[in-house]
Structures are given as C-alpha cells and as structure tokens.
Amino acid sequence: MRYDLIIIGAGPGGLTAGIYAMTRMMRTLIIDAAEVGGQLVSLYPDKAIQNYPGYERIQARKLSDKLYAQAESMGCEFRETEKVIDINDGKEELIVITDKNEYRTSSVIVATGMGMFKPKKMGCRGETEFENKGLCYILPPKEDLIGKKVVVFGGGNSAIEMALIADSVTDTAIVHRRNEFRCDESNTNALGASNIKAVMSAELLSVNGDDRVRSVTLKKGDETFDVAADIVVILIGISSDLDDLKRWGLELTKDGLLMVDDAMRTSRKGIFACGDVIDYEGKYKQIITACGEAATATNSAYKFVKKPYWA
Ligand SMILES: Cc1cc2nc3c(=O)[nH]c(=O)nc-3n(C[C@H](O)[C@H](O)[C@H](O)COP(=O)(O)OP(=O)(O)OC[C@H]3O[C@@H](n4cnc5c(N)ncnc54)[C@H](O)[C@@H]3O)c2cc1C
C-alpha cells in the first residue's frame with residue numbers, strides 16, 4: 001500500500017497539512033515521535049492562547065485537540081510514539097523509515113518543529129534527585145496545584161505565563177537570575193497585577209526535601225535563604241535536537257533548519273516542509289504561520305503527486 005502523503009510531525013503545522021490533504025482526497029498518514037499536539041501539548045498545555053484567529057482565548061491542549069479531531073474525522077491516519085529515522089528514495093516513490101516500520105509514499109511534508117526537544121536543566125543540587133517528586137519542567141495541570149506552594153524559575157514569556165496560570169489557583173512565586181524579565185509587555189503588566197511574588201537577581205543553589213520537594217535555597221547578593229516549595233517548575237529554555245534533518249539529505253540553513261522555496265519545496269524532490277522546522281527571512285515562529293505554511297506545502301505536495309517529476 002502506498003500513501004499519497006506522509007506528514008512527519010503532528011504539531012499544528014502537521015495537523016493542518018493533514019486537514020488540507022484530506023480536502024484534496026490524498027491518502028495521508030501523520031507520524032509523530034511523541035504524542036499528537038507538538039509544543040502545544042508537550043510544553044504549554046494549560047496556556048490560554050490569545051492570538052489564534054477565531055478564538056478570543058483557547059487552551060493550548062484544546063486547540064490541538066480540535067485540530068486532531070478535524071484531521072482524524074476527515075480520514076487522516078495517525079501513528080504516535082513512532083520516530084522517523086530516514087527518508088529514502090524508492091523507485092518512483094519515497095520510503096519513510098521509522099523505528100517501528102517502513103511506509104511507501106508519493107510525497108512527504110516535514111513538520112517536525114523544533115525536533116525532539118528537551119527542557120534545559122539548572123544543574124543545581126537536588127535537581128536530579130527531586131525530578132518527578134515535585135520538581136518538573138512543565139507546569140502540572142491546574143487541579144494538581146491547588147493548595148500547594150509553587151515556585152517557578154525563569155525570566156521569559158513561558159515562565160511568566162506558567163506562573164500566571166499557577167497563580168490563578170494557588171500561592172506562587174517566580175525567581176529570576178537577572179534584575180528584569182525578558183518578555184512581552186503584556187506579560188510584565190499581568191505579572192504586576194497578579195499576586196505572584198517575584199524574586200529578582202537570585203540564584204538557585206539547591207532543591208531540598210525528603211521523599212519530595214519541601215523548599216529551595218536561593219542566593220541573592222551575599223544573602224542565602226530558603227523558600228518553602230511543594231512544586232518547583234524550571235522554565236529556563238529548551239534545547240532542541242535537529243539531528244534528524246542532517247540524515248535526510250535536505251539543504252539546511254546555518255542554524256540547521258530547513259531551507260524551502262516560496263512553494264515550501266525542500267531541496268529533495270517530493271519533500272516539502274512547514275512550521276518551526278523551516279527558516280527564511282522574516283520567519284515568525286507561531287501557530288498561525290505553521291498552519292499557513294502547511295496549506296502551501298500541501299498544495300505543492302498535491303500538485304507533485306498529480307504530476308511527479310518522473311511522470
Ligand atoms: C512556551 C511557548 C509558548 C508559545 N505560545 C504561543 C502562542 O501563544 N501563540 C502562537 O501562535 N505560538 C506560540 N508558540 C509557538 C508555537 O508553539 C510553535 O510555533 C508551533 O508549535 C510550531 O508548530 P509545528 O507544527 O511547526 O511544530 P511543533 O509544535 O514543534 O510539532 C512538531 C512535532 O514533530 C514531532 N517530531 C519531531 N521530530 C520527529 C521525528 N523524527 N519523527 C516523528 N515526529 C517528530 C514532535 O514530536 C512534535 O510533536 C509558543 C511556543 C512556546 C515554546
């Protein structure tokens with residue numbers, strides 16, 4: 001059996017490509033190394049997204065669920081927890097090799113976003129010991145925070161947005177190593193209007209506890225002090241692993257992202273791309289841009305499948 005299109009990555013870009021492919025009646029498979037939803041589900045499921053047209057506010061996980069439901073109801077097939085390892089040339093087809101299977105297809109859209117991403121670690125005492133015992137790198141669901149003391153570490157938009165979510169249900173503090181936040185003005189304003197206690201210019205020395213986290217030790221100037229904590233959320237950035245792209249023989253930018261032309265064609269015939277994995281001048285990494293590029297990529301894939309270079 002051969003697919004018309006295989007989409008690698010089920011974030012908003014990949015899911016939108018799936019929806020567009022189904023409107024063109026393309027036999028489509030979407031493969032994701034993790035679960036469906038991309039960054040919306042893996043990194044900020046509880047965040048209220050306010051810039052996706054058509055919704056004044058929508059929880060990230062709900063937006064992802066809606067895209068998933070739409071693609072699935074239209075007939076897209078899905079494989080989760082299956083990582084694409086290689087894309088080989090077959091005879092008038094492409095062969096997508098995963099860690100579990102191999103699939104034949106006429107075209108591919110790469111929508112792998114930031115690749116396999118991992119949260120950055122603090123490297124302080126107690127970090128490894130208390131991981132999953134109160135210390136985490138993604139804010140737990142709101143219902144698990146009620147009645148707990150939450151301490152968030154970080155100074156960017158993600159850290160502030162997660163602290164605001166926690167503050168809506170429980171006692172929350174945010175600790176940043178600099179003396180000012182690096183974030184959107186709307187977030188600074190929201191922080192100022194909230195009950196969040198901000199501790200600036202402070203360094204995390206250790207996470208302390210017994211069978212789970214009980215406190216953190218901070219250093220601010222010459223002073224060292226403890227802050228009670230039940231949940232410690234570390235949001236100091238993400239390191240992404242884009243090594244897959246190097247294996248796939250596609251032309252890359254100096255930052256290791258995919259080069260595409262205006263039609264979202266990569267340097268390999270029959271392989272297109274969209275979303276955070278591609279780069280061009282003026283690129284703005286957002287859900288809406290990933291979705292817009294997905295529409296173009298799918299249109300190009302459709303034209304290619306109807307009239308491939310070998311026809
Ligand atoms: C904290 C934070 C908050 C944000 N807030 C907003 C916001 O409010 N509004 C907004 O518009 N944007 C926001 N963004 C940006 C937005 O999330 C991204 O631009 C968007 O997710 C990109 O979508 P994508 O489909 O390109 O990739 P992703 O969402 O990264 O999805 C890529 C998928 O590909 C999979 N994958 C990777 N490699 C492989 C492989 N080898 N095989 C199979 N699957 C693979 C991954 O598992 C992942 O599921 C935010 C980002 C962050 C980090």
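Keep in mind the model is a prediction, meaning the values are calculated, not measured. Order of listing sets the numbers, starting from 1, for every ligand and every atom in it.
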Fill in: Heavy atoms from other residues, nucleotides or ligands near NZ of K283 exceed 12 (cutoff 6.0 Å)
yes

Practice prompt. May I ask you to decide if A263's main-chain N or O and D261's side chain share a donor-acceptor pair within less than 3.5 Å?
Written response: yes

Worksheet item: Given Y20 and Y302, is the ring pair (Phe, Tyr, Trp, His ring centres under 6.0 Å) satisfied, shown in steps?
Response: CA-CA 10 Å; Y20 270 79; Y302 176 74; over 10 Å; no

Worksheet item: Among side-chain atoms of N208 and R125, is any donor-acceptor pair under 3.5 angstrom?
Response: no

Item to complete: Consider only side-chain N and O atoms of Y103 and E77, and report whether a donor and an acceptor are under 3.5 Å apart.
Response: no

I'd like the atom pairs linking ligand 1 to the protein - N or O on both sides, separation under 3.5 Å - with distances to 0.1 Å.
unit_1	atom_1	unit_2	atom_2	d
ligand 1	5 (N)	K47	NZ	2.8
ligand 1	8 (O)	K47	NZ	2.7
ligand 1	9 (N)	N51	OD1	3.0
ligand 1	9 (N)	N51	ND2	3.4
ligand 1	11 (O)	Q286	OE1	3.1
ligand 1	11 (O)	I287	N	2.9
ligand 1	12 (N)	Q286	NE2	3.4
ligand 1	14 (N)	Y44	OH	3.3
ligand 1	17 (O)	Q39	OE1	3.4
ligand 1	17 (O)	Y44	OH	2.4
ligand 1	19 (O)	D276	OD1	2.9
ligand 1	19 (O)	D276	OD2	3.3
ligand 1	19 (O)	Q286	N	3.4
ligand 1	25 (O)	P12	N	3.4
ligand 1	25 (O)	G13	N	2.8
ligand 1	26 (O)	D276	N	2.9
ligand 1	29 (O)	Q39	N	3.0
ligand 1	30 (O)	Q39	NE2	2.8
ligand 1	41 (N)	V84	O	3.2
ligand 1	41 (N)	D244	OD2	2.8
ligand 1	42 (N)	V84	N	3.0
ligand 1	44 (N)	A33	N	3.0
ligand 1	47 (O)	D32	OD1	2.7
ligand 1	49 (O)	D32	OD1	3.2
ligand 1	49 (O)	D32	OD2	2.6

Worksheet item: Is the closest side-chain donor-acceptor distance between Q39 and D276 under 3.5 Å?
Response: yes

